[in-house]
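Structure, as structure tokens:
Computed from a predicted structure; not experimentally measured. The first residue of the sequence shown is numbered 1, and numbering continues consecutively from there.
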Amino acid sequence: MLRRLRVGGLLLAPSLLVIGLDVLRRGERLRTLEGTYVLTYLAAIAEGGLVWASLIYAASRRRGALRWVSTLLFVIALTFAVGGQTYFFGQYNAYLNVDVSVFASNFKDSVLNQLVADLGNYLRAKLPPFVLSILLVWAARRWVRPQRRLALWAGALAPILLVGSFFVPTQHRQTQASTPDVLYLNAVGGLLRTQLGMTEQSNQLRPRARASLAVPALERASDVPKRNVVLVILESVRADSVCSEYSPNCRKTESTNQLFPQRFPLTKMRSLDSCTAVSLAVLWTGVLPTESREVLHTWPLIFDYARAAGYDTAFWTSQNMMFGNARLWVKNLGVRKFISATELDPTSDLDIGAPEALLATHIKKEIAGLREPFLAVVQLSNVHYPYLVDESGPMPFEPWTTSKAVDENRAFKNYYQNSVYQQDQHVADFLRALRESPAGERSVIVYTSDHGEAFREHGQMGHTFSVFDEEVRVPAWIDAPAGTLSQAEISALQEKRDQNVFHVDVAPTVLDLMGVGDDPKLGDFRLKMPGHSLLRSERTVAALPMTNCAGVWSCAFENWGYIEGNRKLEARSWDPGWRCYDVERDPEELTDLGTSACSDLIGLANTTFGRLPGAGIERK
């Protein structure tokens, strides 16, 4: 009897481990499961139990080649299913699922790049289940005495059951009402199907080549001076990592802080997403991220308006254009000056891009070659995970670490802040050259970031996983030499210092800086631009949709919402429903006000998105 209990416990050990770990991580969520979700979770327990038990039983044979096949499959599968989900949940507060594996297959080089950057933690997550799997096989060969015929059947069927688990449907969206091991195995199946060309990926969108609608010749208003415009777009820099407002004691972005003491801060700027591709589409077109794929690929960009107004144009970026079809997105920009990561350094990292010291040097050489008036956009990328930091350079934020371990989160954020600090030196380097050039006294600088970066404030790490403020509240300021702005424009910027402003306000601001904001020939194009120029007294007060799932970029985890004034509606694919926050009274977004406080925004969200994130219903 004791032996039977011991053998039974051994065969069930992997499933018991998986369930125990899941309860520790998601106990509160699991207690809310009901109805069909309870059944899908129980079915996942049964599926996982059958797979693991059959593999252990087949591996417990003392003779025969099949036992080694089962042993190898058991050790590898358990190590990756348990260890992989441990690592993934620690980063994103959700489990790897088939949607993510299909999404990730489109930029697998980047995924591998990021794993290598955090290899220590990744291997540490794998080590305990690896050791445990070996111990379980050792114990099985000592204690289990498999019947010969049954063991032969198990040896033949166990690999089939394992492979079959790759393709058995399971509840993987929103509530993730399945055990983490089954979610992982199902994700492996999605990856295999994708690599074999057996999946339909039409919903996995990446930018395509743009073809902007034609813009007629524009005329600058007679009372607007010829102003050059330089738009600086940082990468992954959150609002609280920058001194948007001048401070004599600023350390975070010390270089630009000292260089532009008279700048106009915009302390409550928000992007409407936390994805670079989506942010660029919004910043450059002024349209909402929820516009159709066709609109996002055809609506005129600020470069198009600039050329129509007789402006010279330049786009300088350190981003590697091989990432996510970015090269197609900028293929038809039509700018006269262009540089990207691989032109600066052919060996550029896929995520980080080329070192921005090289970018700064290149910009300083080309500034003098721009014809006035000009529009120049500088997009940076070095503060993208795994964050470029020159350890021989200044690293004022200590202690720091490259480890993403939960208990080292503060030190890891310091490493990120050091990356921001060093990037700021390069930004100041080329902006100083601009100011010292003949065109400097006529050049207005608009400064912001594409999105922010999360450090587990709401469980997630990085970006694109939510529209919480750590991912969407971004730094912003405008610096204008004396005489380039009218008193009315200065007053408008001063009024907006602590008011809610958004990325959709940037394109109208650029149009005003070029003096064409009121040209009637822009009428049709302005219809899809909900923002308002930051140089005018009007503000953007309408409710705005927020999403990381757009016509230029799909998302690994669906997440979206709405914002109006200080109220923000938010939901992620693993959230049970909508959450409502007052971002003024509750800037950390910790207190859900309930659906009644955002009922009108929920109505708008249902109209726009048609469903909650991850709900698995076709979008309207």
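In this structure, F89 and Y95 have tilted ring planes: the angle between them lies in the 30° to 60° band. Classification of the W560-F609 ring pair by plane angle, with boundaries at 30° and 60°, yields parallel.
Looking only at atom types and distance, the side chain of S466 has no donor-acceptor partner in the side chain of N559 under 3.5 Å away. Counted by atom type alone, H463 and E471 present zero donor-acceptor pairs between their side chains at under 3.5 Å. When only modelled atom types and interatomic distance are considered, T170 and N186 share no side-chain donor-acceptor pair under 3.5 Å. Inspection of the R572 and Q460 side chains reveals an N or O donor paired with an N or O acceptor under 3.5 Å. There is a side-chain donor-acceptor pair under 3.5 Å between S318 and S381. Between the side chains of Y57 and S70, no donor-acceptor pair is found at a separation under 3.5 Å. Side-chain polar atoms of N320 and S348 form no donor-acceptor pair below 3.5 angstrom. Side-chain contact of H458 with E589: a donor-acceptor pair under 3.5 Å is absent, judged by distance alone.
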**Report entry** Step-by-step side-chain hydrogen bond (donor to acceptor under 3.5 Å, both in side chains) determination, S449 to E235
**Finding:** CA-CA 6 Å; S449 178; E235 162 67 47; over 6 Å; no
**Report entry** Stepwise side-chain contact (heavy atoms from CB on, under 4.5 Å) test for Y581 and T591
**Finding:** CA-CA 7 Å; Y581 301 96; T591 303; 5.6 Å; no
Requested in this report: Decide side-chain hydrogen bond (donor to acceptor under 3.5 Å, both in side chains) for T464 and N548; before the verdict, give the C-alpha distance in whole Å, the side-chain angles of both, and the deciding distance to 0.1 Å.
Outcome: CA-CA 6 Å; T464 77; N548 286 307; 5.9 Å; no
Query raised in the report: Under the side-chain contact (heavy atoms from CB on, under 4.5 Å) criterion, do W329 and H297 qualify, and how do the steps go?
Result: CA-CA 8 Å; W329 177 253; H297 283 85; 4.0 Å; yes
Requested in this report: Using the disulfide bond (SG atoms under 2.5 Å apart) rule, take C580 and C598 through it: C-alpha gap first, then chi angles, then the decisive distance, then the call.
Outcome: CA-CA 6 Å; C580 178; C598 283; 2.0 Å; yes
Requested in this report: Evaluate the criterion side-chain hydrogen bond (donor to acceptor under 3.5 Å, both in side chains) for residue pair T32 and Y37; output intermediate values, then yes/no.
Outcome: CA-CA 9 Å; T32 65; Y37 291 146; over 6 Å; no
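Note that K404 lies in the cation-pi zone of Y385, set by a 6.0 Å cut-off to the ring centre and a 45° limit from the axis.
Between the side chain of S573 and the main chain of G614, no donor-acceptor pair closer than 3.5 Å is present. Between the side chain of R141 and the backbone N or O of S60 there is no donor-acceptor pair closer than 3.5 Å. Listed for the K413 side chain is no donor-acceptor partner under 3.5 Å among the backbone atoms of A454. Remark: side-chain polar atoms of N382 are not paired, donor with acceptor, to backbone N or O of L388 under 3.5 angstrom. Proximity of a side-chain donor or acceptor of S271 to a complementary backbone N or O of H451 within less than 3.5 Å is not detected. Put simply, the side chain of Q176 never gets that close to the backbone of W574: no donor and acceptor are under 3.5 Å apart.
Checked against the 6.0 Å centroid criterion, the rings of F455 and Y416 qualify as a close aromatic pair. The six-membered or imidazole ring of F80 lies away from that of Y87, with a centre-to-centre distance of 6.0 Å or more.
Between R25 and D22, no side-chain nitrogen of the basic residue sits less than 4.0 Å from a carboxylate oxygen of the acidic one, so the salt-bridge criterion is not met. The residues D582 and R567 are annotated as not salt-bridged, no charged nitrogen and carboxylate oxygen being separated by less than 4.0 angstrom. By the 4.0 Å N-to-carboxylate-O rule, R26 lies too far from E28 to be salt-bridged with it. Between E470 and R456, no side-chain nitrogen of the basic residue sits less than 4.0 Å from a carboxylate oxygen of the acidic one, so the salt-bridge criterion is not met. Salt-bridge formation is detected for the pair R611/E558: a Lys NZ or Arg NE/NH1/NH2 atom is positioned less than 4.0 Å from an Asp or Glu carboxylate oxygen.
Taking the salt bridge (charged side-chain N to carboxylate O under 4.0 Å, His left out) definition, one finds that E47 meets it with nothing, sequence neighbours left out.
Heavy-atom contacts from other residues, nucleotides or ligands closer than 6.0 Å to CZ of F166 number more than 12. Heavy atoms from other residues, nucleotides or ligands lying under 6.0 Å from CZ of R410 number 12 at most.
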What donor-acceptor contacts under 3.5 angstrom involve side-chain atoms of residues 49-56, with partners at least two apart or in another chain?
residue, atom, partner, partner atom, Å
W52, NE1, D181, OD2, 2.8
S54, OG, L50, O, 2.9
S54, OG, V51, O, 2.9

